[in-house]
Amino acid sequence: MRIAFFATCLADTLFPEAAKATVRLLERLGHEVVFPPEQTCCGQMHINTGYQKEALPLVKRYATTFDRYDVIVVPSGSCAGSIRHQHSMVASAYGEAGLAARSESVAARTYELSELLIDVLKIEDVGAYYPHRVTYHPTCHSLRMTRVGDKPLRLLRQVRGLDLVELPAAEQCCGFGGTFSIKNAETSTAMLADKMTNIVSTGADVCTAGDTSCLMHIGGGLSRLKTGVRTVHLAEILASTEYA
Amino acid sequence: MTTFLGMPATAPRGVGHLRGDQTFPRAARDALQNSQLRRNLRHATTTIRGKSGRVIAELPDWQLLRDAGSGIKTDVMSRLPELLEQLEERVVAVGGVVHWAADANEANTIVTELVKATGSDRVIKVKSMATQEIGLNEALEAAGITPVETDLAELIVQLGDDKPSHILVPAIHRNRSEIREIFLRAMPGVDPALTDDPPVLAAAARRYLRETFLSTRVAVSGANFAIAETGTLGVVESEGNGRMCLTLPDTLITVMGIEKVLPSWRDLEVFLQLLPRASTGERMNPYTTMWTGVTPGDGPQNFHLVLLDNGRSAVLADTVGRSALHCIRCSACLNVCPVYERTGGHSYGSVYPGPIGAVLSPQLTGVADNASLPFASSLCGACFDACPVKIDIPSLLVHLRNQVPHAAVEKAAMAAAARIMDSPRWYASAQRAAKMARIAGRRGRGLPPPLSGWTAGRDLPEFPKQTFRDWWAQRTDAPAATRASGSSGGPSGSSGGAAAASGGPSAGSGDRSEAPDGTRSEREDGR
């Protein structure tokens, strides 16, 4: 299958390993990955911070860039959620009915990685090997906006060598929330502290999730506390094999 | 000729409790440093979450009930004027008197005059958020009338000269030794040998309240529901003190937000299931009191209904924001909110704390007066899932954030970021510039304000040697088919220098209908 890849601005800029892993994984599964380079950012940060007008060109850019593809994959439940639930809303709010319709159409073809694998490609065992003790943090937007449900867990359970441990209070927010972690930094830090306590309590070496943003936040905290627990994007685990 | 009456007014300043005197982040700072408060809150919210979750799981049709509740509320908002007129007509027909209060000041004046007319210098109150919202107690006291709260938690808050910090559990932030001290200090006729044993404390409150119930002839209540079809008012509660207020006095004055009206008696079947399970985690609330006008020789002989606007029409005028008026004050959103759990209710500066307060208070006051509240959320969405009437609070927060006045510096930065993000070439340049700045300087620790709050508790990730798009442009390990289609982005859409230098996918296949530069100029033309 020919799959267009939306890397997200954060993975493209700061976490290219997550983006590369997505590409390698899909190619290993025999699919053709296309990266339209005119893509940049979904505009979620602007939308969620109260700058919908500024986000409008980014909404337009996403629709224009990806409209010609049948299947688009995003290694982020948060960006997928924004594309699905916010793009047409922003377009409508600024009187762009045509764009709103196009955004809805593109959004319907946009999948978060675990959704693409399970719902579209119908595969749970991607042939990965990852010999680590791993705990999974279901990010709020993956869970409650994109509704990926237990799909990431189903994929992780098939990974050879992987010891999956349950995260206590997994569904509680890590406190990132985009600019929330700047505007309400102290509250965000208090939320992060509890999340880290729960992660460390599992004894996992690795905390994984489907969003680089939350992983950046959690990873930044775990690093500061020198816990030794690493954060790794779900795609990187799924892309790992015994040979690479 | 038409007369322009202007937009509906928001709640007036200087009266009531909808505005805090500090921004949310500032107020939250104090709460975050109070570890006892955080423990109390966590214990209380975790307990009630568990209880509520269990009784909700018993109902196979919970989602359908939520849909029904949401549907009824949407219908109510779409024909609110008509329903209110019907309610007025029915209440008058069954012997009540209806008053319309445009705002807090009018409502306070109406109630104060009604109490004065009875000659009583004391009123008993059944817990009512609407009267807290308008500051009725302060208005009554200013007129020489003593209001006595009869909900136990409200009484603790009142005697402690405190503010409620939770919709359902207003004294959630107090422990029993504090309550004992409050009673000893402020409860008339209390036994000086009072201990902090909960049954002893409850007995002291009961004795005081019984005396008050039997000697006070005027009551002020709120209302959970009003039925337009029959003119019936309803209050649900757990202690029975509310029923005392609603049945013992000669005069009953109910202050109700106009959004509380329901079309028909039948609608109660939905809300009397939704409210207790979402709210207290009970299958049914212990006391449901309904009254329809006056009945000679039984219950209050004078009934007044004050219909309070106080900004609600302004909320209604916003077709998106109006869904905040669907709220049935169950507090489910508070109990699941990770922000509320750590900051407590007082941080919100309003009688409506938590996620619903973060969207309701700014709308009632006008967003400029409560501009920090829509940002008091990480948009985690737990509130939306918990809401028994399916208020999409995260979307409302985003909607309100788009209306608040932004700081000039932030505005400039966000506009610049958006412009850069709308150009793949500038975007790639910015990626490189950021990387260079990082290598030259701070290396992950310490960012300038307002970003310094982030790096105070977290390390920034190291910048990678290569962005993904540079890797893509230079990769040599890709399957042939992928490399060919990778070039379909068009000449100017590639990542600039790196791609060109590497002989990467810079020769576009031209299958795009719209070049990136074309998109950009189209946007600029549009401005």
Side-chain angles (χ1 to χ4, degrees), chain A residues 2 7 9 11-17 19-20 27 32-41 43 46-52 54-55 57-58 60-61 64 68 86 140-141 144-145 171-173 175-177 180-192 216-217 219-221 223-224, chain B residues 24-25 28-29 32 338-339 342-343 375-382 384-385 398 401-402 404 406 414-415 417-418 421-422 424 427 431 434 450-451 453-454 456-461 463-464 466-469 471-473 478-479 481-482 485-486 488-490 493-495 505 514 516 519 523:
Chain A
R2 191 165 186 253
C9 63
D12 179 9
T13 308
L14 278 173
F15 300 97
E17 293 311 319
K20 287 185 219 172
E27 286 178 352
E32 180 194 345
V33 180
V34 186
F35 177 77
E38 64 270 31
Q39 64 176 278
T40 58
C41 167
H46 283 88
I47 297 168
N48 285 352
T49 313
Y51 294 86
Q52 291 185 23
E54 287 78 1
L58 302 178
K60 194 178 286 180
R61 169 166 293 279
T64 307
R68 62 210 150 98
Q86 296 183 321
C140 300
H141 287 180
R144 303 197 189 91
M145 190 141 88
E171 298 188 358
Q172 274 238 350
C173 179
F176 177 61
F180 172 77
S181 63
I182 297 167
K183 287 179 182 280
N184 284 283
E186 289 158 282
T187 307
S188 165
T189 304
M191 291 159 70
L192 175 62
M216 173 177 74
H217 183 242
S223 158
R224 177 64 57 91
Chain B
F24 181 84
R29 183 176 302 158
L32 287 164
V339 174
R342 287 164 184 86
T343 61
F375 296 95
S377 165
S378 64
L379 302 181
C380 83
F384 182 21
D385 282 7
V398 167
R401 289 175 185 191
N402 202 44
V404 303
H406 296 299
M414 293 295 278
M421 298 273 201
D422 193 30
Y427 171 70
Q431 285 178 323
L451 306 174
W454 209 89
R458 310 157 188 83
D459 289 341
L460 281 175
F463 253 82
Q466 194 181 36
T467 62
F468 172 78
R469 69 181 53 225
W471 173 82
W472 179 270
T482 307
S485 42
S488 67
S494 78
S495 55
E514 208 174 1
T519 313
R523 185 209 72 198

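Note on naming: letters A, B, ... go to the chains in the order of the sequence lines (proteins, then strands), and numbering restarts at 1 for each one.
- A distance of 12.0 Å separates CG of B:Asp422 from CD of A:Glu54, quoted to the nearest 0.5 Å.
- Taking chain B as the reference chain and counting heavy-atom pairs below 4.5 Å, the highest number among A:Gly219, A:Cys173, A:Gly175 is found for A:Cys173.
- How far CZ of B:Phe468 is from CD of A:Glu17: 10.5 Å, rounded to the nearest 0.5 Å.
- Ranked by heavy-atom pairs under 4.5 Å with chain B, the first of A:Phe176, A:Tyr51, A:Phe15 is A:Tyr51.
- Under the rule for a side-chain contact (heavy atoms from CB on, under 4.5 Å), the partners of A:Ala190 that lie at least two apart in sequence or sit in another chain are B:Leu32, B:Arg38, B:Arg342.
- Side-chain contact annotation: A:Thr187 with B:Arg29, donor-acceptor N/O pair under 3.5 Å absent.
- Summarising the geometry, atom CZ belonging to A:Arg224 is positioned 8.5 Å from atom CG belonging to B:Leu460; distances are rounded to the nearest 0.5 Å.
- When B:Ser378, B:Gly457, B:Ala456 are compared by the number of non-hydrogen pairs under 4.5 Å with chain A, B:Ser378 comes out ahead.
- In this structure, B:Arg401 contributes its side chain and A:Gly50 its backbone to no donor-acceptor pair below 3.5 Å.
- If you measure heavy-atom distances from B:Ala382 to chain A, the contacts under 4.5 Å come from both the backbone and the side chain.
- In this structure, chain A has heavy atoms under 4.5 Å from both the backbone and the side chain of B:Ala417.
- Residues satisfying the side chain to side chain donor-acceptor pair (under 3.5 Å) test with B:Gln466, not counting sequence neighbours, are B:Gln474.
- Although no hydrogens or angles enter the test, the distance criterion places no donor-acceptor pair under 3.5 Å between the side chain of B:Asp385 and the main chain of A:Arg144.
- Counting only heavy atoms from C-beta outward, the side chains of A:Lys183 and B:Phe24 never approach each other to under 4.5 Å.
- Here the side chains of A:Met216 and B:Arg458 are not in contact, with every heavy-atom distance at 4.5 Å or above.
- A:Ile182 CD1 to B:Phe375 CZ: the interatomic distance, rounded to the nearest 0.5 Å, is 12.0 Å.
- Between B:Trp471 and A:Pro16, the closest side-chain pair of non-hydrogen atoms is not below 4.5 Å.
- No part of B:Val404 comes within reach of chain A, as not one of its non-hydrogen atoms sits under 4.5 angstrom from that chain.
- Shortest non-hydrogen contact noted between B:Ala376 and A:Asn184 is CA-ND2, 4.1 Å.
- Only the side chain of A:Gln172 comes within less than 4.5 Å of a heavy atom in chain B; its backbone stays farther off.
- Between B:Met421 and A:Cys9, the shortest heavy-atom contact is CE-SG, 4.2 Å.
- There is no contact between A:Met145 and chain B, counting heavy-atom distances below 4.5 Å.
- For the set B:Gly381, B:Cys380, B:Gly453, the count of heavy-atom pairs under 4.5 angstrom toward chain A peaks at B:Cys380.
- Atom CG of residue A:Asp12 and atom CD of residue B:Gln431 lie 4.5 Å apart, to the nearest 0.5 angstrom.
- Between the side chain of A:His141 and the main chain of B:Leu379, a donor-acceptor pair closer than 3.5 Å is present.
- Ring geometry for B:Trp472 versus A:Phe35: interplanar angle of 30 to 60°, hence tilted.
- Contact of A:Gln86 with chain B is made through the side chain alone, with heavy-atom distances under 4.5 Å.
- A 4.5 Å side-chain heavy-atom check between B:Val339 and A:Phe180 finds at least one atom pair inside the cut-off.
- Proximity to chain A (any heavy atom under 4.5 Å) is restricted, for B:Tyr427, to the side chain, taken from C-beta onward.
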